[in-house]
Structures are given as structure tokens and as C-alpha cells.
Enquirer: 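I'd like to ask you about the structure that follows.
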Amino acid sequence: MKKHVAVIGAGIEGVASAIELLRDGHRVTLIEPGEPGGEQAASYGNAGWLSSMSVLPPSVPGLWKKVPGFLMDPLGPLAIRWTYLPKVLPWLLRYMEAGSSEAKLLKIASALRPLLKDTALLHTALAAEAGCSQLIEHRGLMHVYPSRAAFQGEAMGWRIRKQVGIQWKELEGEALRAVEPDLSPDYTFAVLIEEAGRCLAPGAYVAALFAYALSRGAEHRKAPAKGFRIEMGRLKAVTLADGQEVLCEAAVVSAGARSAPLAAQLGNKVPLETERGYHVMLEGANAGPRHSMQLSKAKMVVNPMRDGLRAAGQVEIAGLDAAPNWKRAEILRDHLVKSFPGLPDPFPAERVKMWMGHRPSMPDGMPCLGLSSRCTDVVLAFGHGHVGLVAGARTGRIVAQLVDGRPPEIDIAPFSAARFK
Ligand SMILES: Cc1cc2nc3c(=O)[nH]c(=O)nc-3n(C[C@H](O)[C@H](O)[C@H](O)COP(=O)(O)OP(=O)(O)OC[C@H]3O[C@@H](n4cnc5c(N)ncnc54)[C@H](O)[C@@H]3O)c2cc1C
């Protein structure tokens with residue numbers, strides 16, 4: 001049966017879902033109060049990695065020992081604001097528990113791998129369909145290290161990646177220099193994951209997918225969704241903050257870091273937290289990487305994008321409403337300039353742009369993807385944390401399969417929102 005589906009939120013999960021639903025012949029209304037692909041969305045400011053190898057949650061065994069450091073150093077790669085600690089403590093305990101052993105990490109990696117596998121290809125196809133092929137590139141991503149020994153220091157993570165079928169090439173010394181001539185000689189070892197890809201302008205990509213959805217007949221309601229009207233267990237409408245309703249037979253909750261209050265109304269009280277991240281863009285950069293790469297020393301991704309050279313990273317636990325700490329973006333800028341000595345130091349301030357956004361993060365690094373508990377007419381598709389962009393293409397397909405009542409193309413049982421009961 002063809003339905004009217006209200007998709008709540010037009011970040012990458014929402015727009016990819018809308019396109020797949022339209023492909024199946026459904027009528028779609030995208031409910032989005034902001035600019036689709038705009039700065040309010042994590043989908044705007046991410047690092048642009050289509051990193052099908054990002055199967056590990058951020059938490060690792062022994063993380064608890066570092067928590068005092070996270071609290072003491074507000075500028076470290078992971079920082080927790082003191083004032084927010086009481087609120088975030090239950091989430092933090094789950095976060096540490098999720099990565100507390102290699103066996104647990106392997107279980108998560110085995111669940112995430114099918115969601116992320118081949119997604120550079122899926123995004124390439126989606127972009128071609130939407131007429132924005134120039135925004136997706138499929139030539140591999142790098143992790144770079146000061147030395148082979150530093151890479152071996154992360155042996156557990158790479159061992160798990162190998163176990164779930166991820167392959168890579170190693171480049172050392174001159175071989176690395178030959179492909180990345182601008183990279184600081186402080187880095188002498190790299191792994192290249194050829195299956196992965198990158199996006200050259202994530203905000204523009206989401207905006208292009210949104211425009212494509214409209215061109216295929218989707219409608220846009222520019223208001224925040226507030227809740228649901230459910231009668232006798234069936235969805236009748238999504239209610240809006242302005243008091244209006246969007247009458248519909250199905251809905252998708254894809255409001256990123258703001259999805260929890262909506263999910264709670266559907267019987268899914270989930271521990272969704274924001275892992276705030278930052279980026280810095282250097283416009284008109286005259287040096288930088290040929291491949292997009294993660295620099296191990298700075299724990300940040302550098303991506304040469306359409307509008308400049310972007311460095312993105314940092315995890316700051318401080319909630320949705322606290323003001324950004326721009327010093328964190330300055331740290332990214334300083335690392336970037338040091339890592340590519342051909343860049344002017346200091347980089348001209350008028351060509352530097354900074355951004356802070358909200359990763360929608362579940363404590364175990366896996367999204368909530370599946371039917372809601374209270375009403376099977378509503379699909380939950382949020383909480384993708386660090387991998388929302390790469391996972392977006394397959395998430396959209398799975399959402400459409402669930403709305404149609406077809407079996408999803410991968411096992412989504414590990415992503416059930418009910419796992420947090
Ligand atoms: C610094 C940083 C780097 C990252 N790098 C990568 C990367 O390289 N690769 C990767 O895969 N992922 C990366 N991520 C994660 C990725 O950006 C997110 O997981 C992804 O963008 C989440 O998409 P989304 O559609 O769920 O949410 P969002 O993009 O945040 O979109 C949610 C939308 O919902 C709207 N909304 C909110 N409330 C309501 C409401 N009540 N009603 C209607 N609409 C509402 C918002 O306005 C917004 O447009 C990164 C994130 C950050 C912060």
C-alpha cells in the first residue's frame with residue numbers, strides 16, 4: 001500500500017530516506033524547520049568521510065582511567081564539562097561499558113559493518129541520481145601515523161577491522177611522501193583504505209538530495225515536529241510546534257541529536273547524547289593532502305573540500321545548549337597548519353571559518369534503526385554518532401524497506417531502540 005510518509009528532519013538520514021520512499025511510490029512530506037543541509041545540522045559540518053571502515057565505537061577498554069583527564073582538560077580531544085557531568089553520567093557509564101572489552105568491540109563492529117559496507121558506492125549512485133556526482137569521490141581514505149610503531153599501538157582496532165573484512169594498503173617513508181608530498185615529515189606511516197570515499201561538501205550534498213526529493217514530488221513543511229497523533233495503535237498525524245498537523249500513515253524520526261523527545265513519545269526512552277564536534281575551514285589553502293586523512297597525533301580528519309581545506313574532530317560532552325568553545329576549533333586549525341608546513345602560519349584569519357555541531361550519539365556507537373515500540377507505523381532512524389554521513393545511504397534504503405513491510409537488507413536487530421530497556 002502506498003502511504004503518505006512524514007519524514008521528521010532533513011539531515012542526511014531524512015533526505016536519503018525521503019528519496020528511497022519516493023522511489024517506492026510513497027508520498028513524502030519532509031518536516032524540517034531549518035535550512036536542509038544548513039549549519040544547524042551535523043550533516044553540514046562533518047568531516048565528509050564515507051568511511052566504511054569506521055566500525056568501532058569511540059569507547060575503548062580502559063577508557064574510565066582517562067575520565068579525570070577529560071574533566072580536567074577542557075581542550076583535550078575528548079572533554080566533559082564539569083557542570084554537565086551529573087546529567088551525562090548514566091550515558092557515560094554505558095559509553096565506557098560498550099567498549100570495555102575486545103569481544104564487545106568485535107560485536108559492535110560486526111553489527112556496523114553491514115550498515116557501512118559498500119556505502120561509498122551507494123553514495124556515488126545517490127549523488128549521480130540527484131545530479132551532484134561532483135560532490136562524491138571514491139579513491140580511498142588514509143589514517144596516518146608518526147611511525148609504524150604508532151600504528152601498531154592501535155593494533156586491537158585494526159585487528160577487529162580485519163576480522164570484519166576490512167582491507168588496507170600500508171605506505172611507509174618515501175612511498176607515503178610520494179603520494180602525500182605536503183604532509184609533515186612527522187608522519188611516516190599510513191594505511192590506505194581503498195574501498196572508502198569522501199564527500200566534498202556535505203551541506204551542499206544534503207541540500208542537493210533535498211532539492212532532488214522535492215523535484216520528485218516531496219513537500220516541505222518548515223516547522224519543528226512536536227509529536228504524534230496515534231489512534232488505536234495507528235499513526236494518524238505528526239503534530240507540529242505551530243499547532244498544525246501533517247496527516248500521514250507513516251513517519252520517520254530522523255531529527256538527529258534532537259530525536260529523543262520524539263522517540264520517547266513512541267515508547268522508546270533512549271540515551272541519546274550529543275557528542276559535540278568542531279571543524280575549521282581554511283579557504284584558498286595552497287597546500288594540503290591529496291587523499292583525505294586522519295592524523296593520529298591530532299585525532300582529526302583533514303579533507304580537501306570544494307570550499308576549502310577542512311579539519312574536523314574533537315568530542316565535547318556539554319549538552320545541546322552550551323555555547324561553543326571556539327578554542328577547540330583553534331586547536332584544529334593549529335594542528336592543521338603544523339601538519340602541512342606549506343600552509344602559511346598563522347593562516348590569514350579572514351579565510352578561516354569555524355563551526356560546532358552535534359553528533360547524535362548512542363553510548364554504544366550504533367544507531368537506533370527500526371520500528372518504534374508503541375507504533376509500528378513509525379520508523380526510528382537516528383543516533384548514528386560518528387558515522388551518520390557514511391551510513392546515510394543504506395539507512396535510507398532500510399527505512400523504505402521497513403515502511404513497506406519488506407525485510408531489511410541487513411540484520412538491524414542490533415540497532416533496536418529497545419536494547420536500552
Ligand atoms: C565534527 C564532526 C565530524 C563528523 N564527521 C563524520 C564523517 O566524516 N563521516 C560520517 O559518516 N559522519 C560524520 N559525523 C557524524 C555525522 O555528521 C552525523 O552522524 C550525521 O550528520 C547525522 O545526520 P542526521 O540526519 O541524523 O542529523 P542532522 O544532520 O543533525 O539533521 C537533523 C535535522 O533535523 C532537524 N530537526 C531537529 N529537530 C527537529 C524537529 N523537532 N522537527 C523537525 N526537524 C528537526 C534539524 O534542523 C536538522 O536539519 C561527524 C559529525 C561531526 C559533528
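In listed order, ligands and their atoms are each counted from 1.
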Enquirer: Do NZ/NE/NH1/NH2 and the carboxylate oxygens of E129 and R216 come within less than 4.0 Å?
Expert: yes

Enquirer: For atom 22 (C) of ligand 1, which protein heavy atom lies nearest, and how many Å away is it?
Expert: P360 CG, 3.8 Å

Enquirer: What is the minimum heavy-atom distance between H138 and A196, and which atoms define it?
Expert: CD2-O, 3.3 Å

Enquirer: Ignoring hydrogens, what is the shortest heavy-atom contact between L262 and F228? Give both atom names and the distance.
Expert: O-CE1, 3.5 Å

Enquirer: Pairs of nitrogen or oxygen atoms closer than 3.5 Å, one from G313 and one from ligand 1: do any exist?
Expert: no

Enquirer: Check ligand 1 against V390 and write out every atom of the ligand that is under 4.0 Å from a heavy-atom position of the residue.
Expert: 10 (C), 11 (O)

Enquirer: Salt bridge between R139 and E194, side-chain N to carboxylate O under 4.0 Å?
Expert: no

Enquirer: Any idea which part of Y278 is under 4.0 Å from ligand 1, heavy-atom wise: side chain, backbone, both or neither?
Expert: backbone

Enquirer: Quick one: nearest non-hydrogen protein atom to atom 5 (N) of ligand 1, plus distance?
Expert: A47 N, 3.0 Å

Enquirer: Give the residue, atom name and distance (to 0.1 Å) of the protein heavy atom nearest atom 4 (C) of ligand 1.
Expert: N46 CB, 3.1 Å

Enquirer: By number and element, which atoms of ligand 1 are closer than 4.0 Å to a non-hydrogen atom of P33?
Expert: 43 (C), 44 (N), 45 (C)

Enquirer: Please determine whether any non-hydrogen atom of V301 lies less than 4.0 Å from an atom of ligand 1.
Expert: no

Enquirer: Is it true that atom NZ of K104 has more than 12 heavy atoms of other residues, nucleotides or ligands lying nearer than 6.0 Å?
Expert: yes

Enquirer: How far is atom 29 (O) of ligand 1 from the closest protein heavy atom, and which atom is that?
Expert: S43 OG, 2.5 Å

Enquirer: Measure the acute angle between the ring planes of Y145 and W158, then classify it against the limits of 30° and 60° as parallel, tilted or perpendicular.
Expert: perpendicular

Enquirer: Answer with yes or no whether H386 contacts ligand 1, where contact means a heavy atom under 4.0 Å from a ligand atom.
Expert: yes

Enquirer: So is there a nitrogen or oxygen of E275 less than 3.5 Å from a nitrogen or oxygen in ligand 1?
Expert: no

Enquirer: Within a 6.0 Å radius of atom NZ on K222, are there more than 12 heavy atoms belonging to other residues, nucleotides or ligands?
Expert: yes

Enquirer: So, are D182 and R290 salt-bridged, with charged N and O less than 4.0 Å apart?
Expert: yes

Enquirer: Under 4.0 Å from any heavy atom of G385, which atoms of ligand 1 are there?
Expert: 15 (C), 16 (C), 18 (C), 19 (O)

Enquirer: Numbering the atoms of ligand 1 from 1, which are under 4.0 Å from a heavy atom of I12?
Expert: 23 (O), 25 (O)

Enquirer: Among all protein heavy atoms, pick out the one at the shortest distance from atom 39 (C) of ligand 1; state its residue, atom name and that distance to 0.1 Å.
Expert: A255 CB, 3.8 Å

Enquirer: Where is the nearest protein heavy atom to atom 7 (C) of ligand 1: which residue, which atom, and how far?
Expert: W49 N, 3.6 Å

Enquirer: Under 4.0 Å from a heavy atom of I8: give me the atoms of ligand 1 that qualify, with their elements.
Expert: 42 (N), 43 (C)

Enquirer: N/O of L262 under 3.5 Å from N/O of ligand 1, yes or no?
Expert: no

Enquirer: So which heavy atom on L240 is nearest to which on K226, and how close?
Expert: C-CB, 3.9 Å

Enquirer: Show your working on salt bridge (charged side-chain N to carboxylate O under 4.0 Å, His left out) between E137 and R198 and close with a plain yes or no.
Expert: CA-CA 5 Å; E137 187 190 85; R198 69 188 185 105; 2.9 Å; yes

Enquirer: Can you find an N/O atom of F382 closer than 3.5 Å to an N/O atom of ligand 1?
Expert: no

Enquirer: Is the charged tip of K269 near the ring of F420: under 6.0 Å from the six-membered ring centre and within 45° of its axis?
Expert: no

Enquirer: Looking at D364 and R94, is there a salt bridge between them, counting it only when a charged N and a carboxylate O are closer than 4.0 Å?
Expert: no

Enquirer: Please classify the Q40 to ligand 1 contact at 4.0 Å (heavy-atom distances, strictly less than): side chain, backbone, both or neither.
Expert: side chain

Enquirer: Going through the checks in order, is the side chain to side chain contact (heavy atoms under 4.5 Å, CB included) test met by I193 and V191?
Expert: CA-CA 6 Å; I193 301 101; V191 292; 4.2 Å; yes

Enquirer: Is it the case that over 12 heavy atoms from other parts of the model lie below 6.0 angstrom from the NZ atom of K2?
Expert: yes

Enquirer: Quick one: nearest non-hydrogen protein atom to atom 30 (O) of ligand 1, plus distance?
Expert: A42 N, 3.0 Å

Enquirer: Under 3.5 Å between any N/O of A223 and any N/O of ligand 1: does that happen in this structure?
Expert: no

Enquirer: What do you reckon, does W355 have a nitrogen or oxygen under 3.5 Å from a nitrogen or oxygen of ligand 1?
Expert: no

Enquirer: Quick check: does R359 get an N/O under 3.5 Å from an N/O on ligand 1?
Expert: no

Enquirer: So is there a nitrogen or oxygen of G388 less than 3.5 Å from a nitrogen or oxygen in ligand 1?
Expert: yes

Enquirer: Counting each atom of ligand 1 from 1 as listed, which ones have a heavy atom of V387 under 4.0 Å away?
Expert: 10 (C), 11 (O), 12 (N)

Enquirer: Looking only at non-hydrogen atoms, find the nearest pair between L389 and H123 and report the distance.
Expert: O-NE2, 2.9 Å

Enquirer: Just to confirm my output: which protein heavy-atom neighbour is closest to atom 27 (O) of ligand 1, and how far is it?
Expert: G256 CA, 3.4 Å

Enquirer: Is the contact between K226 and ligand 1 made by the side chain, the backbone, both, or neither, using heavy atoms and a 4.0 Å cut-off?
Expert: neither

Enquirer: Classify the contact between S51 and ligand 1 as side chain, backbone, both or neither, using a heavy-atom distance cut-off of under 4.0 Å.
Expert: neither

Enquirer: Given side chains that start at C-beta, do those of E39 and W355 come closer than 4.5 Å, heavy atoms only?
Expert: yes

Enquirer: Short list, please: which atoms of ligand 1 are under 4.0 Å from a heavy atom of L389?
Expert: 9 (N), 10 (C), 11 (O), 12 (N), 16 (C)

Enquirer: Does an N or O anywhere in H358 fall below 3.5 Å from an N or O of ligand 1?
Expert: no

Enquirer: Taking the six-membered ring for Trp, is the centroid-to-centroid distance between H143 and W168 below 6.0 Å?
Expert: no

